[in-house]
Amino acid sequence: MPSQNNSGRQFDKQHSVTIVATAALAACRFAAYDGGYPTAAGGAKDVQGVTENAVEAGEAVSLTTGYSALVEAGEAIAFGVLVKPDATGRAVAGTAADHCGRSLGTPGAAGQLVEVELYKHVHA
């Protein structure tokens with residue numbers, strides 16, 4: 001789905017990095033620096049980027065790390081809302097004290113893709 005503020009554009013990938021997944025990761029999900037999901041067992045971890053494809057543990061995966069990426073929504077999200085990852089890396093509403101991006105679209109339900117402007121991950 002195109003972003004609400006720039007119809008026709010899917011996302012604006014400016015930078016990426018390749019990591020080795022330490023767990024199975026789905027496509028279009030937030031991933032942590034350690035190769036897993038950012039909010040898994042052991043507490044919240046910083047988001048490094050968004051997976052470009054699905055991988056199994058031990059496989060290499062490219063993460064979009066700059067400007068924006070398509071992320072699977074974990075719930076309905078309004079345009080301009082700060083977002084953070086849920087336990088499986090999907091975008092859900094965040095807060096000023098816990099976020100890693102801002103919604104540039106309006107997914108109406110979980111499972112839809114939304115363009116997210118990527119920020120440095122902030123934790124309370």
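Computed over heavy atoms, backbone and side chain alike; hydrogens, waters and symmetry mates excluded.
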Quick note, salt bridge (charged side-chain N to carboxylate O under 4.0 Å, His left out) partners involving residues 75-91, not counting sequence neighbours, are Lys84-Asp98, Asp86-Arg90
Name all pairs fulfilling the salt bridge (charged side-chain N to carboxylate O under 4.0 Å, His left out) condition that reach into residues 16-30, sequence neighbours left out, sorted by first residue then second.
-> Arg29-Glu72
What residues, two or more places apart in sequence or in another chain, satisfy side-chain hydrogen bond (donor to acceptor under 3.5 Å, both in side chains) together with [X]?
{"X": "Tyr119", "value": "Arg102"}
{"X": "Thr95", "value": "none"}
{"X": "Glu117", "value": "none"}
{"X": "Asp46", "value": "His123"}

Between Leu118 and Phe30, does a side chain to side chain contact (heavy atoms under 4.5 Å, CB included) hold up when you go through it step by step?
-> CA-CA 10 Å; Leu118 303 173; Phe30 291 116; 4.1 Å; yes
Heavy-atom donor-acceptor pair, His99 side chain to Val83 backbone, under 3.5 Å = no
Distance-only, no hydrogens or angles: does the Gln112 side chain make a donor-acceptor pair with backbone N or O of Gly108 under 3.5 Å?
-> yes
Could you check Val71 against Cys28 for side chain to side chain contact (heavy atoms under 4.5 Å, CB included), going step by step and ending with a plain yes or no?
-> CA-CA 5 Å; Val71 181; Cys28 300; 5.6 Å; no
For Glu52, all residues meeting side-chain contact (heavy atoms from CB on, under 4.5 Å), sequence neighbours excluded = Lys13, Ser16, Ser62, Thr64
Just distance, no hydrogens or angles: give the donor-acceptor pairs under 3.5 Å from side chains in residues 18-27, sequence neighbours left out.
{"unit_1": "Thr22", "atom_1": "OG1", "unit_2": "Asp34", "atom_2": "O", "d": "3.0"}
{"unit_1": "Thr22", "atom_1": "OG1", "unit_2": "Gly35", "atom_2": "O", "d": "3.3"}
{"unit_1": "Thr22", "atom_1": "OG1", "unit_2": "Gly36", "atom_2": "N", "d": "3.4"}

Please write out which residues are connected to Val92 in a hydrophobic cluster, directly or through intermediates, given that two of Ile, Leu, Val, Met, Phe, Trp, Tyr count as joined at side-chain heavy-atom separations below 4.5 angstrom.
-> none
Write down the atom of Ile77, the atom of Ala91, and the distance for their closest heavy-atom approach.
-> CD1-O, 3.4 Å
Are [X] and [Y] side-chain neighbours, meaning at least one heavy-atom pair lies under 4.5 Å?
{"X": "Val17", "Y": "Tyr33", "result": "no"}
{"X": "Leu70", "Y": "Val114", "result": "no"}
{"X": "Val61", "Y": "Asn53", "result": "yes"}

